[in-house]
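From a predicted model like this one, the values you see are computed outputs, not experimental measurements. For this chain, numbers begin at 1 and follow the sequence in order.
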Amino acid sequence: MHDIDPNPDDIDDRAYFGWALTIVRERAGLTVRDVAKTAGIPVATVGDYFAGRSLPPLKMAGVLPDILRACGVDSPDLLGSWKSALIRVRLSHSRRADAVPAPYRGLAAYQPTHARWFFGRSHLVSTLVTRCGAARAKGVPVAVIGSSGVGKSSALFAGLVPALDGQAGRRTVAISAGHNPCRRLADELSIVLDQPADVVDHALHVRPSELGRLLRETAPIGPAGLTVVVDQLDELFTNDINRTSRNTFLTALAVLAGTGAAVVLGVRAERHSLIADHPLLRAALADSVHVGMPSDAELADAIQGPARRARLCVEPDLVRRIVADAASIGTDPLPGGAVAALPLVSHALLMTWRRRRGGVLTHADYLAVGGVRDAVRRCAELALASLNPEQQQLAARLFRKLVVVHADGPHSAGPVPCDDLDCAPGNPRRGQVEQVLGRFAAVGLVTLDDKNAAITHDAVFAGWPRLADLVIARRA
């Protein structure tokens, strides 16, 4: 089960540092109090280091080596690697201007701010831009359909949105359906319309036709300059959104499309049937854009493009190996189920980038992280192994709240409010919950912010079969 040891060369943030340090301590069979006593450091101080709440000071050069030696780490090379990791994390934490951003997103979708790292989809993006022009003329939304993991969301947010925003007189509103979509749409439209969000929200709910008037009379760009992108529209039919709210939201989209705005709807192919019979969506689905896995050449560009931009070299034949490994997922699914391989590729690349020495992505590092087929499992098992038995039970309870189980298997529940996870400000359990979730967030399997937590991508279920077993078995 616990077959993976932390590599200090992988560490690039404070949570990851504390997590890896904890694994070293637990491998030695020591408590925080044991380490503190041996190293001669206050228990509370050492506890903060292991929890990732603070970092050992660089000015007191002996602190980190004393902690590591207490845990049985005495190799000069390993001690040097840990010191380098501490320096690297402190530099990152100080947000130095010359800090190097990660060129790959891992399991997370690319957003408009990541457009400079988005490669391999130029033909698809060009098609979407053209279809937006046709949609304005027809007054019918464009449905963009793709299976989970083919990069549909990234193409919309990091491809289409920047392409349109780069045109004079264009503005784009981009949201995911999720919870309370009406309010989220109102908030975004209020910026374009230069109107109070409450005014737009009232119009959206009470008199949707007012949206068209506001667009014509108050928006500098007019209706023809607006594009509204709504990803994961199918969530309207699977989340706890009542029928009235759903129809209000869809009516607002129909009004916007009818005024000349381009409306683009991202839909997961696995849930296409949920929306196929809805009258407001039938026309959009009749002439939709279907997104599949990128071709081998496009995938190679998605691998090499970010590396070039980050001034990295990729070892010869590594790109070919990754493309072949991605193709094998389609013919030989992972134990956790079938999945489109793109997020798994991105995750393996991010983990490989974290291990890099200098400016080269190597075969050795790619294989060390597990490659496309095993990188998610290794990260998840490492995170789970870093928790004590009580924390592992808490992790299982938290994941049950982050997962919904449909007829076709488990899926991410989408963003879950911190209140529902006992990690809102002021909750006495907040520290413990954040520590557990933080272990998985450190390797990109969970996304955690001040308001919500979520499983980063449904590909986690295929890449880490144990997660589905934990969730379903404990619910049974």
N/O donor-acceptor pair under 3.5 Å between [X] side chain and [Y] backbone:
{"X": "Gln392", "Y": "Leu387", "answer": "yes"}
{"X": "Asp165", "Y": "Thr172", "answer": "yes"}
{"X": "Arg356", "Y": "Trp353", "answer": "yes"}
{"X": "Thr456", "Y": "Leu445", "answer": "yes"}
{"X": "Arg378", "Y": "Ala368", "answer": "yes"}
{"X": "Ser328", "Y": "Asp325", "answer": "yes"}
{"X": "Thr130", "Y": "Ser126", "answer": "yes"}
{"X": "Ser154", "Y": "Gly151", "answer": "no"}

Would you say Val369 and His347 make side-chain contact, with heavy atoms under 4.5 Å?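 Answer no - side chains too far apart.
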Nearest heavy atoms of [X] and [Y], plus distance in Å:
{"X": "Val150", "Y": "Val291", "result": "CG2-O, 3.7 Å"}
{"X": "Asp458", "Y": "Ser412", "result": "OD1-N, 2.7 Å"}
{"X": "Cys132", "Y": "Thr227", "result": "SG-CG2, 4.3 Å"}
{"X": "Leu124", "Y": "Ala155", "result": "CD2-CB, 3.6 Å"}
{"X": "Ala462", "Y": "Leu334", "result": "O-CB, 3.5 Å"}

Whether [Y] and [X] form a salt bridge (side-chain N of Lys/Arg under 4.0 Å from carboxylate O of Asp/Glu) is what I want to check.
{"X": "Arg320", "Y": "Asp296", "value": "no"}
{"X": "Arg268", "Y": "Glu235", "value": "yes"}
{"X": "Lys138", "Y": "Asp287", "value": "yes"}
{"X": "Asp419", "Y": "Lys451", "value": "no"}
{"X": "Glu210", "Y": "Arg213", "value": "yes"}

Between Leu344 and Arg373, is the side chain to side chain contact (heavy atoms under 4.5 Å, CB included) condition met? List the steps. CA-CA 7 Å; Leu344 302 178; Arg373 299 190 68 89; over 6 Å; no
Could you list all the ring pair (Phe, Tyr, Trp, His ring centres under 6.0 Å) pairs where at least one residue sits in residues 187-216, not counting sequence neighbours?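 Sorted pair list comes back empty.
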Output all residues satisfying side-chain contact (heavy atoms from CB on, under 4.5 Å) with [X], sequence neighbours left out; order by chain, then residue number.
{"X": "Asp365", "result": "Thr352, Arg355, Arg357, Thr362"}
{"X": "Ala453", "result": "Leu402, Leu421, Leu437, Leu448"}
{"X": "Ile191", "result": "Arg171, Glu188"}
{"X": "Ser245", "result": "Ile241, Asn242"}

side-chain contact (heavy atoms from CB on, under 4.5 Å) partner of His278, the single match among Leu233, Leu236, Leu250: Leu250
Assert yes or no for the condition that the ring centre distance of Phe157 to Phe118 is strictly below 6.0 Å. no
If the condition is side-chain hydrogen bond (donor to acceptor under 3.5 Å, both in side chains), which residues does Arg183 pass it with, not counting sequence neighbours? Asp187, Asp198
